[in-house]
Protein chains: 2
Amino acid sequence: MQASNDIRARLLDAAEALFDRHGFTATGMDRLTSAAGISSRTLYKHVGSKNGLMAAVLQARDRRFRRRVDVASVDAFFAALETWFAEEGARGCLFLRTWRETGGDVPEIAEAMSRHKAFMQETIGELVVSEIGSRDEALADEILVLFEGMVHAYTYRGEAMASAARRAVHTLVSAARAREPKTE
Amino acid sequence: MQASNDIRARLLDAAEALFDRHGFTATGMDRLTSAAGISSRTLYKHVGSKNGLMAAVLQARDRRFRRRVDVASVDAFFAALETWFAEEGARGCLFLRTWRETGGDVPEIAEAMSRHKAFMQETIGELVVSEIGSRDEALADEILVLFEGMVHAYTYRGEAMASAARRAVHTLVSAARAREPKTE
DNA sequence: GATTGTGTAAAGTGATCGTTTTACATTGGT
DNA sequence: ACCAATGTAAAACGATCACTTTACACAATC
């Protein structure tokens, strides 16, 4: 059981790196098995199929991501994103990328994407409350656009896009506070 | 020559639709030839390879996109984007998607992506000038993040993300105007 | 100490990949 | 009338695809 967890963790780590770097469709099963150091028989025993492997990878990535952005303020949220990119590199949202690469036609992948994005929306909504003092879905949506924009623009423009997003989010929050000064 | 242009146009149209809908790697050459109604020999005579086809598709798409966003104000720019999405659907930036799907390893595709993104940056920079009265790279970068965010968030949240982006861009431009009131 | 579970290595499944080739029909210009 | 260009249909190319199967090794459990 412990060895089984080891194997699964090794597989998911290797698969996440390969899918992220080379794309889902372009990564063959032989590359995955040899990178994880396991046989193809074992891989299929554990995750059933290539789609199943991707779904497991996305679930693990989502868990890791949630831990990373468990912070108290909007600015800390964007700072956490910036740290993630600096440490792991930024190649765009793996959920969206895989969802689109498969034409949205793979249910397990579409659902993993939906869950992840719903969590992001809820997280930002709560951060807005702690910033503004009340729910403000309009502001939350604006910040969601900035979040998504930073994730993707960072891939080709780098750190400048992180600074831009943080400046913009500060301006938007200030404007919202001035508009509706419930707290302070 | 006229028939040759017809064939090429038909090929690029069909290929763009298939690549956009199903992804670059997942779309096979037989699907492309039968959708365009041409033989594989003709396809290879015209574009040389699958990568060459994608590069040609991206170049045509870039031309079409530039015509669409040839507008006079930042708000008109986002309005043009919204119209594009309403008419053609939004499945994320085809340049970024294809670039990442190929791991950034196909030079012709990487260059098409770079050219397109450089144009976007320059276009937004000029729109900021006409809005603010002078160059403001910081504001332009913030708007670029909003643009990229709208493109990708629209794929899973729809029109709400277009409204959010337009609200946010208005707030950012107003704040910049208040900060640096060169022209009125 | 036989059984059950879980692993490996490696060959084999048929299908599909991108690309080339062969053979032939149609066309427009000199 | 002929030649060169440009198209089609279809077979063939070897490679690779996701996935399964066969045969075997080493554990721990009852």
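So you know, we letter chains A, B, ... as the sequences are listed, proteins then strands, and number each from 1.
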Indicate for each nucleotide in nucleotides 14-23 of chain C, in 5' to 3' sequence, whether protein heavy atoms under 4.0 Å reach the base (B), only the sugar-phosphate (S), or nothing (-).
-> ---SSBBBBB
What is the ring orientation for B/F147 with B/F77, classed by angle as parallel under 30°, tilted 30 to 60°, or perpendicular over 60°?
-> tilted
Those residues that, when tested against A/D62, pass side-chain contact (heavy atoms from CB on, under 4.5 Å) (two or more places apart) | A/R66, A/F95, A/H116
In residues 103-112 of chain B, which ones come under 4.0 Å of DNA chain C, going by heavy atoms?
-> none
Give me the residues of residues 32-39 of chain A where at least one heavy atom lies under 4.0 Å from an atom of DNA chain C, by number, or none.
-> A/G37, A/I38, A/S39
Who passes salt bridge (Lys or Arg N to Asp or Glu O under 4.0 Å) against A/R157, sequence neighbours left out?
-> B/D141
Residues at least two apart in sequence or cross-chain that pass ring pair (Phe, Tyr, Trp, His ring centres under 6.0 Å) with A/Y156, listed by chain then number, are none
Between atom CZ in B/R10 and atom C1' in D/dT8, what is the gap in whole Å?
-> 12 Å
Flag the pair B/R177 and B/D136 as a salt bridge only when some basic side-chain nitrogen lies within less than 4.0 angstrom of an acidic carboxylate oxygen.
-> no
With sequence neighbours left out, write down each residue that passes ring pair (Phe, Tyr, Trp, His ring centres under 6.0 Å) with A/F78, or none if nothing qualifies.
-> none
What salt bridge (charged side-chain N to carboxylate O under 4.0 Å, His left out) pairs are there with at least one residue in residues 142-156 of chain B, not counting sequence neighbours?
-> A/R167-B/E142, B/K117-B/E148
Only distances under 3.5 Å count here; give the side-chain donor-acceptor pairs of residues 23-40 of chain B to other protein atoms, sequence neighbours excluded, each with its distance to 0.1 Å.
unit_1: B/T25; atom_1: OG1; unit_2: B/E101; atom_2: OE2; d: 2.9
unit_1: B/T27; atom_1: OG1; unit_2: B/G23; atom_2: O; d: 2.6
unit_1: B/T33; atom_1: OG1; unit_2: B/M29; atom_2: O; d: 3.2
unit_1: B/T33; atom_1: OG1; unit_2: B/D30; atom_2: O; d: 3.0
unit_1: B/S34; atom_1: OG; unit_2: B/D30; atom_2: O; d: 3.1
unit_1: B/S34; atom_1: OG; unit_2: B/R31; atom_2: O; d: 3.4
unit_1: B/S39; atom_1: OG; unit_2: B/T42; atom_2: N; d: 3.3
unit_1: B/S39; atom_1: OG; unit_2: B/T42; atom_2: OG1; d: 3.0

Under the side-chain contact (heavy atoms from CB on, under 4.5 Å) rule, collect the residues that match up with B/R97, sequence neighbours excluded.
-> A/R100, B/D20, B/R91, B/L94
If a stem is a run of at least 3 consecutive Watson-Crick or G-U pairs, both distances under 3.5 Å, which stems include DNA chain D?
-> C:1-12 with D:19-30, C:14-17 with D:14-17, C:19-28 with D:3-12
Near-strand residues of residues 13-22 of chain B, defined as heavy-atom separation under 4.0 angstrom from DNA chain D | none
